[in-house]
Amino acid sequence: MAGDIGVLDQVTNEFIQALNRDLVIIESTAKTLFYYLVVIQLSLTAIWMTVAGESMQRFLTRMLQLGFSFGIFYGLIQFGGVWIPSIINGFIQLGQKAGVTSLDPSSIMSQGLSISSAILKGFFGWGLLGHPFIAIVGAAVCIAILLLYAQMAAELAIALVKAYILVSTGGLFFAFGASEYTQEMAKKYFNAVIGIGLYLMTLYFLLGVGQNIGSQWALMSAQAAKNH
């Protein structure tokens, strides 16, 4: 099991390191895409407003609106690598109020091993030879707990990679905000950021509550063994 823990952490770190090497390329591509979309948006807007016979005041107002929008998305391209992690960390800080201060695949499996071993110790306190059925039930419960925690550890590894991908590729999605025809992609990106933040917050809550409940289960099984 310790080897599995190391593999999860290693895979996660390898993904993050690979993405980190491509950050400069992603940022450069995002800025180039942004400039192209700005030119296309301004050109199409000028053409359609000219064809429609819009007044100069209306034309200048529209250009001012576009300039304000361009400034917002360019700022997001420049500083999104700081702002987006802050949003995700905000959800994580809420989840930490449940009692778990750090979260990684190894810590999840360690918590699962700790809870299952404590419960197993309580069940075996009945006596393996005297109460074999109780011991078998205890072993089955502990295996189920380990499997659940292993699944959460794997899901966390995937979630961490997704979070880092969102942070690393944010500039590309913000670049699409330069055109009204592709702004929906930028909006969906924000939804994805909120979604991964909520997911990590939920994991923190789940593990914090699980830690407390697991301790109670271990105490109950120990008391049951003591009183037979």
Side-chain angles (χ1 to χ4, degrees), residues 8-46 49 59-98 100-105 107 155-205 207-208:
L8 285 174
D9 286 343
Q10 183 179 355
V11 169
T12 303
N13 291 331
E14 286 179 355
F15 268 103
I16 291 175
Q17 290 172 6
L19 287 170
N20 193 46
R21 291 193 294 266
D22 297 331
L23 280 177
V24 176
I25 298 175
I26 293 173
E27 184 177 351
S28 176
T29 304
K31 289 182 179 179
T32 302
L33 177 62
F34 178 80
Y35 296 144
Y36 279 121
L37 290 176
V38 166
V39 172
I40 293 172
Q41 180 63 52
L42 289 175
S43 300
L44 290 176
T45 300
M49 294 190 74
F59 181 84
L60 293 176
T61 301
R62 178 57 177 160
M63 290 296 119
L64 183 62
Q65 290 175 343
L66 288 175
F68 183 74
S69 177
F70 295 153
I72 290 176
F73 283 104
Y74 186 79
L76 288 172
I77 293 174
Q78 287 285 91
F79 305 106
V82 177
W83 295 341
I84 297 303
S86 297
I87 294 174
I88 296 176
N89 287 334
F91 286 105
I92 290 176
Q93 289 172 3
L94 287 175
Q96 288 175 340
K97 296 183 181 299
V100 178
T101 57
S102 63
L103 196 63
D104 54 71
S107 65
E155 289 182 356
L156 175 63
I158 296 173
L160 291 175
V161 172
K162 284 183 178 180
Y164 202 84
I165 290 175
L166 285 175
V167 173
S168 302
T169 60
L172 287 174
F173 290 95
F174 292 137
F176 286 113
S179 174
E180 60 184 7
Y181 303 104
T182 56
Q183 276 187 1
E184 189 64 27
M185 297 179 66
K187 295 178 182 178
K188 289 181 179 180
Y189 171 79
F190 277 113
N191 292 336
V193 170
I194 299 299
I196 197 68
L198 288 172
Y199 179 74
L200 290 174
M201 180 187 72
T202 302
L203 273 180
Y204 270 93
F205 276 127
L207 289 171

- Check the pair Ile84 / Leu76 against side chain to side chain contact (heavy atoms under 4.5 Å, CB included), numbers first and verdict last. CA-CA 9 Å; Ile84 297 303; Leu76 288 172; 6.0 Å; no

- Task: Please report the C-alpha distance between Leu37 and Tyr181 in whole Å, then the side-chain angles of each, then the deciding distance to 0.1 Å, and finally whether the side chain to side chain contact (heavy atoms under 4.5 Å, CB included) criterion is met.
- Result: CA-CA 10 Å; Leu37 290 176; Tyr181 303 104; over 6 Å; no

- Can you list the steps and then say if Leu200 with Leu156 is a side chain to side chain contact (heavy atoms under 4.5 Å, CB included)? CA-CA 8 Å; Leu200 290 174; Leu156 175 63; 3.9 Å; yes

- Message: Between Gln41 and Ser69, is the side chain to side chain contact (heavy atoms under 4.5 Å, CB included) condition met? List the steps.
- Response: CA-CA 11 Å; Gln41 180 63 52; Ser69 177; over 6 Å; no

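The two residues Ala159 and Ile196 have their closest heavy-atom pair at O-CD1, 3.7 Å. Between Phe73 and Ala186, the shortest heavy-atom contact is CE2-CB, 3.9 Å. The minimum heavy-atom distance between Pro85 and Gly80, with the atom names listed, is CD-O, 3.6 Å. The nearest pair of heavy atoms linking Ala175 to Ala30 is CB-O, 3.3 Å. When all heavy atoms are compared, the tightest approach of Gly171 to Ile77 is O-CG1, 3.7 Å.
Taking CD1 of Ile87 as the reference point, atom CD1 of Ile92 lies at 12.5 Å (rounded to 0.5 Å). A distance of 9.0 Å separates CG of Leu64 from CZ of Phe68, quoted to the nearest 0.5 Å. With rounding to the nearest 0.5 Å, the separation of OH in Tyr74 from OH in Tyr35 is 3.5 Å. Put simply, OG1 on Thr182 and CG on Leu33 are 7.5 Å apart, with the number rounded to the nearest 0.5 Å. Considering CG of Leu42 and CE of Met63, their distance stands at 5.5 Å, rounded to 0.5 Å.
Aromatic ring centres of Phe174 and Phe190: separated by under 6.0 Å.
With contacts defined as side-chain heavy-atom distances shorter than 4.5 Å, the pair Phe34/Val38 qualifies. In this structure, Thr32 and Thr29 have side chains that are not in contact, with every pair of non-hydrogen atoms separated by 4.5 Å or more. Counting heavy atoms from C-beta on, the side chains of Thr202 and Phe91 never come closer than 4.5 Å. Side-chain atoms of Tyr199 and Glu155, non-hydrogen and from C-beta on, do get closer than 4.5 Å to each other.
Sorted by first and then second residue, the side-chain hydrogen bond (donor to acceptor under 3.5 Å, both in side chains) pairs with a member in residues 75-92 read Lys31-Gln78; sequence neighbours excluded.
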